[in-house]
Amino acid sequence: MKVCAEGCNSLFITIFLLLISGYGVHSFSYHYSATTDCIAEAERAEYGGGIIVNPGFDENIEGISNEGNRFIVAHNREQPLDSFSQKLQLRKGMLYTFSGWFQVSEGSDTVSVMFRAKGNELIRGGQVMAKHGCWTLLKGGITANFSSTVEILFESKNSSVEIWADNISLQPFSKKQWRSLQNASIEKVRMRKVRFQVTDENGTALNGAKVITKGAKLNFPFGCGMNHFILTSKDYQNWFASRFKFTTFTNEMKWYSTERIQGQEDYSIADAMLSFAKVKGISVRGHNILWDNEKQQPQWIKTLSPEDLKKAVAKRIRSVVSRYKGQVIAWDVMNENLHFHFFEDNLGQNASAQAYAATFALDPGTQMFLNDFNTIEFSGDKLASPVKYIQKVKEILSFPGVAGMSLAIGLQGHFAVGQPNLAYMRSSLDLLATTGLSIWLTEVSVDPQPSQAEYLEDVLREAYSHPAVDGIIMFSGPAQAGFNTTTLADENFRNTPAGDVVDKLIQEWGTEPKIAAADGRGIVDISLHHGDYDVTVTHPLIHSPITMNLSVKKDFSLETIHVKMRT
């Protein structure tokens with residue numbers, strides 16, 4: 001590693017650059033763990049540093065030593081990118097996870113890991129709020145859509161502070177290895193092994209008996225956005241109800257839909273959609289109470305005085321929350337609160353605090369979500385980084401009147417054109433998981449492009465495999481209902497390639513029947529996703545099958561289910 005600067009005149013520490021040629025990845029398990037604590041001593045480099053040369057800065061450097069621990073310091077900085085660097089070869093299609101420990105010489109400042117590719121393109125791989133006097137973990141990553149030498153370096157906007165770093169790692173994974181890790185995680189956190197022993201009434205093992213399991217209801221919430229076209233299209237109703245048991249109304253519960261004219265509330269469409277959902281056993285997320293974006297308000301509130309706006313906001317919260325209390329499973333309280341601040345600008349910095357407290361007072365039994373975009377889908381958006389999201393979570397939980405409130409993390413997941421950065425997405429989820437709060441992907445979409453179906457599958461698998469994710473809602477649907485970003489069915493309700501992916505995953509995650517045959521001991525072992533199952537047991541010599549219901553939950557223990565068949 002060497003010290004570098006963008007336009008700097010002085011170099012601070014010279015470190016010999018060593019080249020590395022090996023890219024073999026052993027059978028690593030992925031380290032889902034993370035911490036946001038600032039600790040006295042940096043932890044060891046993950047994966048031994050991966051492809052980083054001299055990750056602990058213990059050899060051939062004029063580094064700094066503190067009680068025997070050596071680390072590297074960038075000082076005399078003049079520009080944000082004045083730092084140490086190392087050149088590495090990235091390979092197209094590989095996923096690279098980054099981690100490292102950082103502090104600054106005084107106060108605190110955001111430190112980002114940057115990858116400088118050909119043509120001086122800078123790609124942000126993650127960031128951390130580094131402090132003085134203790135080490136904080138920066139976790140991130142990059143998914144390479146090119147093969148090239150890149151320079152890995154670090155950014156701090158405050159060039160007056162030194163950047164200190166230790167135990168840096170960049171670990172490559174092939175797509176095959178990444179998928180293998182996803183599958184291993186799914187097996188661990190989403191599935192349980194169930195054992196059946198099939199005998200006749202005398203206790204004799206029935207070799208060759210078949211156990212057939214068919215998913216009746218999945219425990220993991222996997223749903224889809226719904227709009228008002230559901231009320232007038234029988235085809236849309238059938239398409240939706242045959243696939244999904246969780247939904248969010250895309251617009252129909254929002255303020256600009258229910259009170260277009262001041263004082264004239266109209267919930268008729270949202271009421272009708274909720275009625276349909278109840279009949280079909282579909283759970284609904286409440287979206288949303290308030291939206292902090294000035295452009296997404298009813299036109300009439302933009303001309304109100306602060307005092308009248310305050311009254312209108314209080315009335316809006318009382319109206320929608322009281323109406324649907326107990327009928328929705330979640331509330332997006334102040335939508336996109338990381339990016340926008342319309343209500344704070346007009347009502348003061350306590351506007352969000354008052355909204356959460358008022359909603360919680362009216363409906364204390366329902367989860368309250370912060371819901372925003374770009375936290376997992378775009379590493380370049382510093383407003384919505386995991387660091388900023390966690391700061392906002394802590395701020396919300398410090399509000400008066402919210403003690404005991406069940407706060408949850410909503411990640412919209414709108415992925416633009418291009419290969420999703422799954423390495424960054426996973427590291428972001430790791431960091432958000434340190435809050436201990438429930439995490440949902442709330443509005444997943446992938447922009448139209450030739451590889452849309454492939455990328456949608458990548459995102460959905462990544463979310464489902466992550467131990468901290470508790471639910472997924474897509475903002476997608478049939479063309480007939482106007483879903484033109486991530487379209488799952490055409491005008492005639494024939495599947496698009498993206499729709500094929502969704503149906504495949506629904507089956508894979510539990511609805512697809514599984515058939516297994518008993519061995520000579522009458523034993524059948526089947527791994528099942530958490531959910532409720534209809535089970536049928538048959539044998540060629542026995543005419544009457546056995547049927548039963550089985551519930552497989554997260555805490556399900558492997559106890560043999562004895563099945564006796566009458567000959």
What I'd like to find out is whether the side chain of [X] reaches to under 4.5 Å of the side chain of [Y], using heavy atoms alone.
| X | Y | answer |
| --- | --- | --- |
| Leu218 | Thr511 | yes |
| Leu407 | Phe399 | no |
| Leu456 | Val502 | yes |
| Thr36 | Thr136 | no |

Return yes when atom [atom1] of [X] has more than 12 non-hydrogen atoms of other residues, nucleotides or ligands closer than 6.0 Å, and no otherwise.
| X | atom1 | value |
| --- | --- | --- |
| Lys388 | NZ | no |
| Lys217 | NZ | no |
| Lys131 | NZ | no |
| Lys310 | NZ | no |

**Asked** For Lys157 and Asp109, what are the C-alpha separation, side-chain angles and deciding distance, and is it a salt bridge (Lys or Arg N to Asp or Glu O under 4.0 Å)?
**Response** CA-CA 8 Å; Lys157 294 295 186 183; Asp109 195 40; over 6 Å; no
Does the side chain of [X] pick up a donor-acceptor pair with the side chain of [Y] at under 3.5 Å?
| X | Y | answer |
| --- | --- | --- |
| Asp381 | His339 | yes |
| Thr143 | Gln419 | no |
| Asn288 | Glu336 | no |
| Trp135 | Asp166 | no |
| Arg426 | Ser465 | no |
| Glu377 | His414 | no |
| Asn337 | Tyr356 | no |
| Glu155 | Ser83 | no |
| Tyr256 | Asn251 | yes |

**Asked** Where does the angle between the aromatic ring planes of His132 and Trp164 fall among parallel (under 30°), tilted (30 to 60°) and perpendicular (over 60°)?
**Response** perpendicular
**Aromatic ring pairing Phe154/Phe98, orientation class (parallel under 30°, perpendicular over 60°, tilted between)** = tilted
**Item:** Candidates Pro172, Pro55, Ser169 - the one meeting side-chain contact (heavy atoms from CB on, under 4.5 Å) with Tyr47
**Value:** Ser169
**Asked** What do the steps show when you test Phe220 against Tyr464 for ring pair (Phe, Tyr, Trp, His ring centres under 6.0 Å), and what is the final call?
**Response** CA-CA 9 Å; Phe220 185 86; Tyr464 185 71; 4.9 Å; yes
